[in-house]
Participant: 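Pasting a structure here, questions to come.
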2 protein chains.
Amino acid sequence: MSHEPSPAQPKYRRIADELRAAIKSGQYRAGDRLPGENALAADHEVAPMTVRQALALLRSEGLVESRKGSGVYVQPFSPIRRHGIPRLARDQWNSGKTIWSADDARSPGIDQVSVTENATAPEHVRNVLGLRPDEKVCVRGRRYIMDARPVMLATSFLPQALVAGSPITQADTGPGGIYARLSDLGYAPAHFREEVRSRTPSDEEATRLSIPADRPVLKVVRTAFDADGRAVEINEMTLDSASYILEYAFDA
Amino acid sequence: MSHEPSPAQPKYRRIADELRAAIKSGQYRAGDRLPGENALAADHEVAPMTVRQALALLRSEGLVESRKGSGVYVQPFSPIRRHGIPRLARDQWNSGKTIWSADDARSPGIDQVSVTENATAPEHVRNVLGLRPDEKVCVRGRRYIMDARPVMLATSFLPQALVAGSPITQADTGPGGIYARLSDLGYAPAHFREEVRSRTPSDEEATRLSIPADRPVLKVVRTAFDADGRAVEINEMTLDSASYILEYAFDA
DNA sequence: CAGTGGTCTAGACCACCAA
DNA sequence: TGGTGGTCTAGACCACTGC
């Protein structure tokens, strides 16, 4: 407020900038509670709605989290590094010198496991798996938890004919997971494709990930192919964008 | 309004849902103008602010775009498919059966090219490139345009000592671009690492990409290593999330 | 010039949380 | 029970667009 350099800047942006700077400078730390909306409105001499616009901006950035009836709290940012290509993950080129610091040692917990056999596949899944409209799929859903916070949703689709009667239709697929069981069945994944995009979450995704509707998520769809080039699994993942960094490494 | 099935749903969400459904059903097509705020407020019998909340939601989803003084328009969604691993891009596993349809034939135009020699590198860039604090970098910035819309910003950092006097310091680097010139200099990129995250844009990014402040962007940082494992280039890219799908393919 | 979206005011009621 | 954030009202002025 010292010299009013930019009269074109809206008030809610100024307030957001000020709070953002205060958070980044360490004045508010992860878990701290920000001043209430009324306090901020009084301090900045604006209407409550204007403060709310500023807080909505910070919320969509993933910097803060609102708890109804309690307050607005600074969100921790310690992203998980997810390696798209595990084989190359820890080689000579990957010696800690990365752009964003991120933890990749911790392994997340799993939650909300569901298995549905003989389900009807969405059309785009059917197309990629190369199934006829009447061919069914086995759907496996689960949620990943890190530090008591949900960070990823995942749904796998597998051709029902491929996996019927195998441990893949059980809640616990055993050591090595789905890919190990596909190998047992003679459909060992040999090639992967991952498609990545970013968008705002659906209502269901926002609820299950406990994030606001305007916080972006990363959508990662992994397709596994066996040695014959047959698509054997599609895994649709929804990642909290504030919790993940994806890493891919490859040769020229 | 026929049977009021969900009294828990806020009005602005209902309005957003209704408009979203109308767009997806084809009632409004790409480029069409939605009814004005006043008209929507009158139709739904709510205050103008409530309609604005709904429109803000659709805007952050990338579904619509506001033009001040003109109206709210439906945004086209025809994403560009960006292959992280060009060598594997068109092989047997990649025969059109992908989750999201996306164009990858068109090549974007380039805009706002800038070259700065002997620049001071940000600390995180210096760390990855393995430079001392006094070692300078060459910074190359540019903007990519597709269908008359900016879709990506890119900034490359190269060690100044490596590229001084080479065509890399020119606006036009010649056929094959930066990587071909690095090869000429004896630092042919042999290995790449890409780190991907999603976040809301900075003010500058939002301005240069002509997107609202709450529309997410994909941040891709590519590091190129030569055969000796030396980091020779860092390319920080900012992608409009409504315009891009990233694809990575790799073997098990 | 009329209409549009962007910003802002000054209140209100509610559900929820913590004390 | 008092304070919090979530939602909502009914206006206002402004800058900008398109006619």
Side-chain angles (χ1 to χ4, degrees), chain A residues 4 6-19 28 31-75 203 206-207 210-215, chain B residues 1 4 6-19 28 31-61 63-75 203 206-207 210-215:
Chain A
E4 307 276 346
S6 53
Q9 184 88 314
K11 292 184 185 178
Y12 77 92
R13 273 182 176 282
R14 288 197 189 211
I15 298 171
D17 288 347
E18 194 178 311
L19 288 171
Y28 300 110
D32 284 1
R33 183 180 170 282
L34 294 185
E37 293 181 342
N38 295 333
L40 287 172
D43 286 357
H44 294 84
E45 295 177 337
V46 296
M49 274 292 285
T50 306
V51 169
R52 279 177 210 125
Q53 269 187 281
L55 290 175
L57 202 56
L58 298 182
R59 212 164 37 236
S60 77
E61 292 172 14
L63 262 182
V64 302
E65 167 202 26
S66 298
R67 296 180 206 153
K68 207 194 305 187
S70 172
V72 177
Y73 297 83
V74 178
Q75 197 82 343
D203 285 356
T207 303
S210 303
I211 58 175
D214 54 0
R215 164 108 108 272
Chain B
M1 292 289 176
E4 308 275 349
S6 53
Q9 184 87 313
K11 292 185 186 178
Y12 77 91
R13 271 182 179 283
R14 288 199 190 210
I15 298 171
D17 289 346
E18 193 178 310
L19 289 170
Y28 300 109
D32 284 359
R33 184 182 170 281
L34 293 186
E37 292 180 345
N38 294 333
L40 286 172
D43 285 356
H44 293 84
E45 295 177 336
V46 296
M49 275 292 285
T50 306
V51 169
R52 277 175 210 126
Q53 270 187 282
L55 291 174
L57 203 55
L58 297 182
R59 211 164 39 236
S60 78
E61 292 172 14
L63 263 182
V64 302
E65 168 202 25
S66 297
R67 296 179 206 153
K68 208 193 307 186
S70 172
V72 177
Y73 296 83
V74 178
Q75 196 83 343
D203 285 357
T207 304
S210 304
I211 58 174
D214 54 1
R215 164 105 110 274

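By convention in this document, chain letters (A, B, ...) are assigned in the order of the sequence lines, proteins followed by strands, and residues within each chain are numbered from 1.
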Participant: For Ala16(B) and Ala54(B), which heavy atoms make the closest approach, and how far apart are they?
Facilitator: N-CB, 3.8 Å
Participant: At what distance, to the nearest 0.5 angstrom, does CZ of Arg14(B) lie from OG1 of Thr50(B)?
Facilitator: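 It is 13.0 Å, given to the nearest 0.5 Å.
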Participant: Under 4.0 angstrom, heavy atoms only, what part of the nucleic acid is Arg33(A) near: base, sugar-phosphate, or nothing?
Facilitator: sugar-phosphate
Participant: Please report the shortest heavy-atom distance between Ala213(A) and Ala206(A), naming the atom on each side.
Facilitator: CA-CB, 4.5 Å
Participant: Mind checking which nucleotides bracket the chain A contacts on DNA chain C, 5' to 3', with an atom under 4.0 Å from a heavy atom?
Facilitator: dT7(C) to dC17(C)
Participant: Should Leu40(A) and Val51(A) be marked as a side chain to side chain contact (heavy atoms under 4.5 Å, CB included) after you check the CA-CA gap, both sets of side-chain angles, and the distance that decides it?
Facilitator: CA-CA 7 Å; Leu40(A) 287 172; Val51(A) 169; 3.8 Å; yes
Participant: Hey, can you pull the donor-acceptor pairs under 3.5 Å for the side chains in residues 56-64 of chain A, sequence neighbours left out?
Facilitator:
from     : atom 1 : to       : atom 2 : distance (Å)
Arg59(A) : NH1    : Ser66(A) : OG     : 3.0
Ser60(A) : OG     : Leu57(A) : O      : 2.9
Glu61(A) : OE1    : Arg20(A) : NE     : 3.0
Glu61(A) : OE2    : Arg20(A) : NH2    : 2.9

Participant: Give me the distances for all protein-to-nucleotides 17-19 of chain D N/O pairs that come in under 3.5 Å?
Facilitator:
from    : atom 1 : to       : atom 2 : distance (Å)
dT17(D) : O4'    : Gly69(B) : O      : 3.4

Participant: Under the rule for side-chain hydrogen bond (donor to acceptor under 3.5 Å, both in side chains), what residues qualify as partners of Gln53(B), not counting sequence neighbours?
Facilitator: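 Expected list: none.
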Participant: Just jot down the side-chain hydrogen bond (donor to acceptor under 3.5 Å, both in side chains) partners of Ser70(A), sequence neighbours excluded, or say none.
Facilitator: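 For Ser70(A) the side-chain hydrogen bond (donor to acceptor under 3.5 Å, both in side chains) partners, ignoring immediate neighbours, are Tyr73(A).
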Participant: Heavy atoms within less than 4.0 Å of DNA chain C: which residues of residues 52-61 of chain B have one? Give them sorted by number.
Facilitator: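 Going residue by residue through residues 52-61 of chain B, the ones with a heavy atom under 4.0 Å of DNA chain C turn out to be Arg52(B), Arg59(B).
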Participant: Do any pairs count as a salt bridge (Lys or Arg N to Asp or Glu O under 4.0 Å) and have a residue in residues 36-52 of chain B, sequence neighbours left out, and if so which ones?
Facilitator: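 Residue pairs passing salt bridge (Lys or Arg N to Asp or Glu O under 4.0 Å), neighbours aside: Glu37(B)-Arg52(B).
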Participant: Looking at residues at least two apart in the chain, or sitting in another chain, which of them share a side-chain hydrogen bond (donor to acceptor under 3.5 Å, both in side chains) with Arg33(A)?
Facilitator: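 Arg33(A): no side-chain hydrogen bond (donor to acceptor under 3.5 Å, both in side chains) contacts found.
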Participant: Restricting to side chain to side chain contact (heavy atoms under 4.5 Å, CB included), what partner residues turn up for Asn38(A), sequence neighbours left out?
Facilitator: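 For Asn38(A) there are no side chain to side chain contact (heavy atoms under 4.5 Å, CB included) partners, ignoring immediate neighbours.
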